[in-house]
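Heads up: the structure comes next, in structure tokens.
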Amino acid sequence: MSPKPIFRIVLISIACLAGIMDGFSADFENPYKNGSFKDSLKSKAENWTAADLWAQSVSQNLKLEDNAIVLEDNLLIENDAVTLGSIRSEAWDTLSKGRIIRKVLELSVLPARNAWISMLIYPMLPAEPMSGGKLEFRVNGNKPIVYELRHFWTSVPVPVSYLKKGRNLIELRVHNQNEKFRIPMALSSIIRNIIGQPTSFTGNSERSMDNGKTWKYAGSSSNIAEYPIRLKLQAYAKKAWLQTPVINLADKALEGVMYFPVKLEAAEIRPRVLNAESSKWQTRIRSGNTHLPEAGGWTAWQNFEGSALPAGNNHRFIQLEYSIDPGSGNSTPKITGLELKSSWRSNSTGAGIFIAEVKNYPLIRSSFDFIHENPALPELQEFRAQFKLDQVVEGAKTEWEKIKLLRAWTAANWDWFLPNSEFEDLLSWDASKILSGPAAPGNLSKKGGNCLHYAIVFTQACQSFGIPARIVNTNYAIWGGHELVEVWSRDYQKWIMADPNFDTMFYDKKTGIPLNILELHDLFLKTYYPGGEIIDRDKWSFADRDRRASRINPNDLPIAMEAGGKAFSGKINKDYVWWKVTFNEANPGYSGGYGFYNTAEVRWLPRSNWLSQRSPLPVTHGRTHWGWDGYYAWTDSQTPETPEHRYYVRRPSDVYGNLFQVDFAVHYIQNGEIQLDLATDSPGFDHFNIVLNGLESLLKVGESKVKLSSGINIIEIYAIDVMGNSGTKSRIKINYIPAAG
């Protein structure tokens, strides 16, 4: 139940840089063999609120609400998301006079409060949402629910009394006989194409062409399909966990990095939890003498009850884990805080250690896995060679210049077009294949495609040089949506949004620093939804969208757009209108309003290793309204949870870590001897380079030590990836004055 860190951890001691290797084995609990813990007993008490824990912990299926950490109350019931998205003609059904569709969904729990039907459906007559078109839902034979379609994903309230454990039958028909709707279907054939296995669909979706007299499976006998009809329940029914940060029970580290030996005398740990009927928190603890559990040397997780440290956990650092399997789904327990008291003895007097300078980058842990592609993957390097990408970046003096050249090259490769229903479903994401077709007009195999295709090509172009990149999809208003890329810049030491479709980026006017997607989303809210107004996508009319944009003067905004000028055959330049929609008759794909204006809803893809791992991936991503259930969807006080999705991100730290940086700690042993703990989140990590007083050493893993020289000692540490790229340098400057005699 613990998180699966994506970072490479190496626990090392600085090795043989000073040529000292005498087989010493550090004992952090009591390194002084002569028993010289002479300082008086020290103690401290800490009181962590729920907000403190939330801000620094990692967790899943939890949220902070009313000064307590509680279970998320959103449970998605569906079986279509894995293959929804095809736009081929066989993947569509119609709903009109005399036709009824139905879907069976199994419930293991009932909602604690509310429930909704979330369904993807497109109007034909009338042709737009919010045009008065109505649907009629019937749940388990109860009174029909009449619903006016206002967004392509419905939010149909269902009385809790209509639902039951086990099989629930949802029927749907048009409310007015002259109306007509299109329904995308998830095809069983796609499962076979992706994983080479028979379909797992069991015919839970059926349709009738004669007002319910006879029924057939959705799709065809050779390609059974499922309708995108889902139930979203307010229920506490998902397993959840939270891990606290590593907690230091003794002295703070000198300048945040230098730890002196301590002897822990006592510790009292009192989690403040409130259990609920039929559900309670399970608490576990582990401990160690370094600040990095992943580096090894820590105890295994042990059940924790009461307040005293369990036997064998009398260590300087601890970490707690709360977990729960709520079962009934009717109530949530709460975490309201944590109280700590500890006492210890230490003796740093006479060590002669003085810290003159520190530059460190504490590791940011994420609650969610993200899997990067290995930049040395043969397929990536073949792509780089095939399309002569080294020539594309020739002359670039910095990585940032290289990123912009690759962005411009991608934008100039073809002019945007929207693949139609005759194209094959996009089931694998491979830049070489996207660029392999001839560009003849009217040729359905021509290279390129829509914004997703640009994003895939640009991402893999960056990856081939060891530049991490990932796809984020955004949208605003009924029809609007876009696929963007975030790249990690070593130069700026942050994730940055890049749009290879428009050859653009956004930057802060005051600092010139480029912005990431979430920074643009936050500015979008302040600009278009000021005063904390909540986004209600059921009110996303074109008139409302344009009204909000009409109030904006781009000169008053704190950001500006950089246009490289290679998009749309060189027609997208600095005059491009990015703060509102302006229709482009020559090619609607280049209409105004993309980028910053389009960041109301934000969803990250959970991985970028599409070449080495084929599935799971959304099908023909971006051609229907993002019905895959694997996205990490952003939600905040102004951006409600989207009912059709499963995973929600609530903290920036869960999506914005610090790549290619080194988190280190120095443990003082005795007589000028030190040991380092190192951690890095470096995709394609190969080794650390460590420079001590100008002498460089390559270290991957080892156990050794260094004896500081008298006077100034400068240690620099940085990560190197498999492509030979260097990360940011961490640094410590220690003045060591040995004791006289």
Side-chain angles (χ1 to χ4, degrees), residues 1-8 58-63 72 74 76 78 80-85 190 194-195 238-241 364-375 377 426-431 451-452 455-456 458-460 462-463 467-475 481-488 495 497 516-518 521 599 601-622 624-635 639 641-642 644-659 681-684:
M1 221 171 295
S2 60
K4 300 175 181 177
I6 59 173
F7 38 84
R8 281 290 293 271
V58 292
S59 64
Q60 283 190 9
N61 299 328
L62 297 172
K63 62 182 178 180
E72 285 186 346
N74 55 75
L76 182 65
E78 60 82 26
D80 64 90
V82 65
T83 66
L84 183 67
I190 292 176
I194 293 175
I195 63 176
K238 292 187 289 188
K239 293 182 179 180
W241 55 260
I364 298 175
R365 292 173 170 85
S366 174
S367 303
F368 298 90
D369 288 338
F370 187 90
I371 306 173
H372 298 273
E373 190 69 274
N374 180 357
L377 189 76
L426 190 61
L427 303 180
S428 62
W429 293 11
D430 186 330
C451 50
L452 173 63
I456 294 170
F458 176 61
T459 294
Q460 292 180 347
C462 289
Q463 289 174 332
I467 302 168
R470 62 190 185 188
I471 290 180
V472 192
N473 61 80
T474 63
N475 69 293
H482 202 32
E483 308 300 326
L484 299 164
V485 176
E486 283 188 321
V487 294
W488 176 266
W495 284 102
M497 187 282 282
N516 60 44
I517 293 284
L518 195 54
H521 169 79
T599 56
E601 292 184 345
V602 177
R603 293 168 291 269
W604 287 266
L605 271 294
R607 61 186 184 90
S608 60
N609 63 332
W610 313 312
L611 293 175
S612 57
Q613 180 186 332
R614 186 177 179 188
S615 65
L617 274 178
V619 175
T620 313
H621 174 85
T624 57
H625 278 70
W626 302 284
W628 192 53
D629 67 341
Y631 303 117
Y632 296 155
W634 177 259
T635 182
T639 313
E641 298 165 359
T642 44
E644 67 271 19
H645 294 126
R646 188 180 303 276
Y647 303 112
Y648 301 99
V649 179
R650 305 175 188 277
R651 289 169 294 206
S653 59
D654 282 331
V655 284
Y656 291 111
N658 44 3
L659 303 189
D681 182 356
S682 294

Seminar exercise, completed: d(D681 CG, L659 CG) to nearest 0.5 Å is 5.0 Å
Exercise. Do P616 and W628 have side-chain heavy atoms sitting under 4.5 Å apart?
Worked result: yes
For this session: Name all residues meeting the side chain to side chain donor-acceptor pair (under 3.5 Å) criterion together with W429; count only those two or more places apart in sequence or in a different chain, and write none if there are none.
Result: none
Exercise. Just by distance, with hydrogens left out, do Y632 and H645 show a side-chain donor and acceptor under 3.5 Å apart?
Worked result: no
Problem set entry | Minimum side-chain heavy-atom gap S608-F370 below 4.5 Å | yes
For this session: State, yes or no, whether a side-chain contact exists between F368 and V655 at a heavy-atom distance under 4.5 Å.
Result: no
For this session: Starting at CG of L84, measure out to OG1 of T624 and round the result to the nearest 0.5 Å.
Result: 5.0 Å
For this session: Might you point out which heavy atoms bring G630 and P606 nearest each other, and give the distance in Å?
Result: O-CG, 3.6 Å
Exercise. Should Y656 and I517 count as side-chain neighbours, where that means a heavy-atom distance under 4.5 Å?
Worked result: yes
Problem set entry | Minimal non-hydrogen separation, A431 against I456, with atom names | N-CG2, 4.1 Å
Exercise. Does the side chain of V58 come within less than 4.5 Å of S366's, by heavy atoms?
Worked result: no
Problem set entry | Student check: side-chain heavy atoms of W241 and Q60 closer than 4.5 Å | yes
Exercise. Between R470 and E486, does at least one N-O distance fall below 4.0 Å, as a salt bridge requires?
Worked result: yes
Problem set entry | Any residue meeting side chain to side chain donor-acceptor pair (under 3.5 Å) with N74, in chain and number order, not counting sequence neighbours | K238, E641
Problem set entry | Residue pair G627 / A81: nearest heavy atoms and the distance that separates them | O-CB, 3.5 Å
Problem set entry | Parallel, tilted or perpendicular, as decided by the 30° and 60° cut-offs, for the rings of H372 and W495 | parallel
Exercise. Among all residues two or more places apart in sequence or in another chain, which pass the salt bridge (charged side-chain N to carboxylate O under 4.0 Å, His left out) test with D629?
Worked result: R646
Problem set entry | Partners meeting side chain to side chain donor-acceptor pair (under 3.5 Å) with R651 (sequence neighbours left out) | S59, S367, D654
Exercise. If you measure only the distance, is there a donor-acceptor pair under 3.5 Å linking the side chains of Q460 and W610?
Worked result: no
Problem set entry | For the student: nearest non-hydrogen atoms of N658 and I364, plus distance | OD1-N, 3.4 Å
Problem set entry | ring-ring contact (aromatic ring centres under 6.0 Å, His included) involving H482 - partner list, sequence neighbours excluded | F502, Y594
For this session: To the nearest 0.5 angstrom, please state how far the CG atom of N475 sits from the OG1 atom of T642.
Result: 9.0 Å
Seminar exercise, completed: By side chain to side chain donor-acceptor pair (under 3.5 Å), S612 pairs with (sequence neighbours left out) E373
Exercise. Considering only heavy atoms from C-beta outward, does the side chain of R607 approach that of D369 to under 4.5 Å?
Worked result: no
Problem set entry | Separation of T599 OG1 from L518 CG (nearest 0.5 Å) | 9.0 Å
Exercise. Given R650 and T635, is the side chain to side chain contact (heavy atoms under 4.5 Å, CB included) satisfied, shown in steps?
Worked result: CA-CA 6 Å; R650 305 175 188 277; T635 182; 3.5 Å; yes
Exercise. Please walk me through it: do W626 and E601 pass side-chain hydrogen bond (donor to acceptor under 3.5 Å, both in side chains)?
Worked result: CA-CA 11 Å; W626 302 284; E601 292 184 345; over 6 Å; no
For this session: Could you tell me which non-hydrogen atom of G85 sits nearest to which non-hydrogen atom of T620, and how far apart they are?
Result: O-CB, 3.5 Å
Exercise. Nearest 0.5 Å, what's the CZ-CG distance between R614 and N609?
Worked result: 14.0 Å
Exercise. Going through the checks in order, is the side chain to side chain contact (heavy atoms under 4.5 Å, CB included) test met by L426 and V619?
Worked result: CA-CA 6 Å; L426 190 61; V619 175; over 6 Å; no
Problem set entry | Partners meeting ring-ring contact (aromatic ring centres under 6.0 Å, His included) with Y648 (sequence neighbours left out) | none
For this session: Indicate yes or no: at least one non-hydrogen side-chain atom of L605 is less than 4.5 angstrom from one of V472.
Result: no
For this session: Please test R603 against E483 for salt bridge (charged side-chain N to carboxylate O under 4.0 Å, His left out), starting from the C-alpha separation and ending with a verdict.
Result: CA-CA 10 Å; R603 293 168 291 269; E483 308 300 326; over 6 Å; no
Exercise. Atom CG in L484, atom CG in L452: separation rounded to 0.5 Å?
Worked result: 11.0 Å
Exercise. Are the side chain of N374 and the backbone N or O of G684 linked by a donor-acceptor pair below 3.5 Å?
Worked result: no
For this session: Using side-chain hydrogen bond (donor to acceptor under 3.5 Å, both in side chains) as the criterion, point out the one residue from T474, N516, T639 that pairs with H521.
Result: T639
